[in-house]
Amino acid sequence: MSSPKIEVPFLRLNEDHKLNEQLANCCKRVIDSGHYILGPEVLNFESQFGKFCGTKFCLSISNGLDALFLALKALDVKPGDEVIVPANTFIATWLATSHVGAKIVPVDAELSSGQMDPALLEIALKSHKNVKCVILVHLYGIVGQIEKIKNLCEKHRVDLIEDAAQAHGTVVNGVKAGAWGDAAIFSFYPGKTLGAVGDGGALVTSRPEVFESVKMLRNYGSQKKYYHEVIGYNHRMDEMQAAILSEKLQHLDSWNQIRAEQVSIYIKAFTEISQLGTFKSEADFTAWHLFVVRTEKREGLRSFLQEQGIETLIHYPVACHLSEAYENLNLKVGSFPVAEEIARTCLSLPLGPHLKASQIEYVADKVREFFAAN
Ligand SMILES: Cc1ncc(COP(=O)(O)O)c(C=O)c1O
């Protein structure tokens, strides 16, 4: 007999009432302070998050896309330069590259991890002569073969930016995501592993000149009020988001731990299902943002799970090179077969501290039930 239906939401951001109360107190503290932009909350959050990542510097930024754009600007990526990006990523990685006028050079993923394939990166580095920088994305929270990739970047004298928008807390060889590259960015979009109550982002680096440059660029190109040294932007994060993120940062390690335990339930439950692929992580610790499976029967599985009360999402249904926005690149179907296969077959299962282990076990049971019958 099948188990009774249980609701398993993909995400619920407002149900931890104790936390909501703490966050409301943060908002009140900021409102009462009368200081709303680039004040003590921002400084405090930057110091805490820099420590969390193990980098010398951290700057809060309006959002992850802006942080990526500023990282490219600070590393002096100019129109006509080439930037290597993963074919399997969220489109923000590509957009930031387009916004600085650089040429996108996509590199496909390894199917085992979903992350950039270092062998293909090496080919791209050898065949493209104007590469200024590589953006490596730690998609789903998995950090791929970063040591190999860092070595390749050093060998070819190109900068490495980590897009760690989905990897707050992943550790490889004792080093946190964000501390490997010349610069790294994070997103605090509400649904992220560490999320604001609005938009937010950060750039971390241990290179003083990158820090100084981004600090000016995010604030009208100015160090001293009304004195403008470069053509800057307004890409600051506000005090309210900083106060909230400092509060939530204190819970991040325990939330990541819950996610890791949930993933081990899924992985154990799925080992015998030949029709289901999962992505492997070889990190010391993986801060799973998403748990993504791959199956040729995605639509069937998705509607079966929905009938059972289980919400799923697709990250992401269209590979960047096939999206309308990048039609002008003229990259046809088949150009990046692994990214295309992932886009066609991937499905994200519910994960996160809003769920109990019993709900994860229910999802795992229902996935098994589906494949036993199909
Ligand atoms: C891999 C990746 N890069 C960049 C971003 C951009 O972050 P944001 O939405 O804060 O601009 C996101 C998140 O949306 C992301 O998942």
Side-chain angles (χ1 to χ4, degrees), residues 10-11 13 45 49 53 58-73 83-100 104 106-107 109 113-116 133-144 146 160-170 177-178 180-181 183-204 214 218 233-238 241-242 244-245 248 259 279 281 286-292 313-321 323 325-326 339 342-343 346 348 351-352:
F10 193 84
L11 198 62
L13 297 173
F45 175 66
F49 195 67
C53 295
C58 171
L59 289 160
S60 56
I61 307 287
S62 36
N63 57 61
L65 173 60
D66 290 344
L68 208 41
F69 170 75
L70 293 183
L72 290 163
K73 292 291 277 185
V83 173
I84 292 182
V85 298
N88 185 37
T89 183
F90 178 59
I91 200 148
T93 323
W94 287 45
L95 295 179
T97 308
S98 299
H99 292 327
V100 293
I104 288 174
V107 165
S113 67
Q115 313 302 311
M116 188 183 279
C133 135
V134 173
I135 307 180
L136 188 64
V137 181
H138 310 318
L139 210 60
Y140 325 128
I142 300 175
V143 173
I146 188 132
L160 174 64
I161 297 177
E162 295 175 74
D163 177 343
Q166 302 191 3
H168 315 66
T170 297
W180 288 89
I185 72 93
F186 289 85
S187 165
F188 306 121
Y189 179 78
K192 291 289 193 266
T193 310
L194 177 63
V197 295
D199 275 311
L203 180 143
V204 296
V214 172
R218 78 167 174 182
Y233 306 85
N234 176 355
H235 288 332
R236 304 172 304 223
M237 187 166 82
D238 63 68
Q241 300 306 336
I244 280 168
L245 287 165
K248 291 181 90 176
R259 289 171 178 273
F279 293 112
S281 169
T286 308
W288 294 92
H289 171 55
L290 297 171
F291 186 73
V292 180
L313 290 177
I314 295 174
H315 298 92
Y316 300 94
V318 183
C320 297
H321 65 285
S323 48
Y326 283 103
I342 293 172
C346 68
S348 305
L351 185 76

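Values reported hereafter were calculated over all heavy atoms of this structure, with side chains retained and with hydrogens, waters and symmetry mates removed. Whatever order the structure lists them in is the order used to number ligands and atoms, beginning at 1.
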Visitor: Give yes if a backbone or side-chain nitrogen or oxygen of D199 is under 3.5 Å from a nitrogen or oxygen of ligand 1, and no if not.
Guide: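 Min N/O separation from ligand 1 is not below 3.5 Å for D199.
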Visitor: Within the 4.5 Å heavy-atom criterion, are R218 and S62 side-chain neighbours or not?
Guide: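 No - every pair of side-chain heavy atoms lies 4.5 Å or more apart.
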Visitor: Judging by distance only, is a nitrogen or oxygen of Y189 under 3.5 angstrom from one on ligand 1?
Guide: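 No, there is no polar N/O contact under 3.5 Å.
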Visitor: Check whether any side-chain heavy atom of S348 sits under 4.5 Å from a side-chain heavy atom of Y140, and report yes or no.
Guide: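 No, their side chains stay 4.5 Å or more apart.
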Visitor: If I compare all heavy atoms of C320 with all of I91, which pair ends up nearest, and what's the gap?
Guide: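 Minimum heavy-atom contact is SG-CA, 3.8 Å.
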Visitor: Can you confirm, on distance only, whether ligand 1 has an N/O atom lying under 3.5 Å from any N/O atom belonging to T89?
Guide: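 No, no N or O pair falls under 3.5 Å.
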Visitor: Answer whether the closest heavy-atom distance between the side chains of C346 and I314 falls below 4.5 Å.
Guide: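 Yes, at least one pair of side-chain atoms sits under 4.5 Å.
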Visitor: Classify the angle between the aromatic ring planes of H99 and F69 as parallel (below 30°), tilted (30 to 60°) or perpendicular (above 60°).
Guide: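 Rings of H99 and F69: perpendicular, over 60°.
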Visitor: Can you check ring-ring contact (aromatic ring centres under 6.0 Å, His included) on F188 and F49, steps first, answer last?
Guide: CA-CA 12 Å; F188 306 121; F49 195 67; 5.3 Å; yes
Visitor: Taking non-hydrogen atoms only, is L65 closer than 4.0 angstrom to ligand 1 via side chain, backbone, both or neither?
Guide: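 Answer for L65: both.
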Visitor: Name the option, out of A92, P86, A96, that contains the heavy atom nearest to atom 5 (C) of ligand 1.
Guide: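 That would be A92.
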Visitor: If you take the nearest heavy atom of each of L95, D163, T93, which one is closest to atom 3 (N) of ligand 1?
Guide: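 Closest candidate by heavy-atom distance is D163.
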Visitor: Is there side-chain contact between H138 and T170, with at least one heavy-atom pair below 4.5 Å?
Guide: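 Side-chain contact under 4.5 Å: no.
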Visitor: Nearest protein heavy atom to atom 12 (C) of ligand 1, by residue and atom, and its distance?
Guide: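 Nearest protein contact, heavy atoms only, for atom 12 (C) of ligand 1 is F90 CD2, 3.5 Å.
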Visitor: Which of the atoms of ligand 1 are close to N63, meaning less than 4.0 Å from one of its heavy atoms?
Guide: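 Close to N63: 10 (O), 11 (O).
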Visitor: With heavy atoms of Q166 as the reference, note each atom of ligand 1 found under 4.0 Å away.
Guide: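 Per the distance check, 1 (C), 16 (O).
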Visitor: Judging by distance only, is a nitrogen or oxygen of L68 under 3.5 angstrom from one on ligand 1?
Guide: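 Looking only at distances, the answer is no, because the N/O contact criterion of under 3.5 Å is not met.
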Visitor: Among P190, S187, A165, which one puts a heavy atom closest to atom 7 (O) of ligand 1?
Guide: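 Of the listed residues, S187 has the closest heavy atom.
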Visitor: Quick one: which ligand 1 atoms are inside 4.0 Å of a heavy atom on V137?
Guide: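 Counting from 1, the qualifying ligand atoms are 1 (C).
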Visitor: Taking all non-hydrogen atoms of both residues into account, name the closest pair between F186 and A177 and its distance.
Guide: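 Minimum heavy-atom contact is CZ-O, 3.5 Å.
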Visitor: Is the shortest distance from a heavy atom of K192 to ligand 1 less than 4.0 Å?
Guide: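 Per 4.0 Å heavy-atom rule, K192 contacts ligand 1.
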Visitor: Considering only heavy atoms from C-beta outward, does the side chain of Q115 approach that of L139 to under 4.5 Å?
Guide: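 Of all side-chain heavy-atom pairs linking L139 with Q115, at least one is under 4.5 Å.
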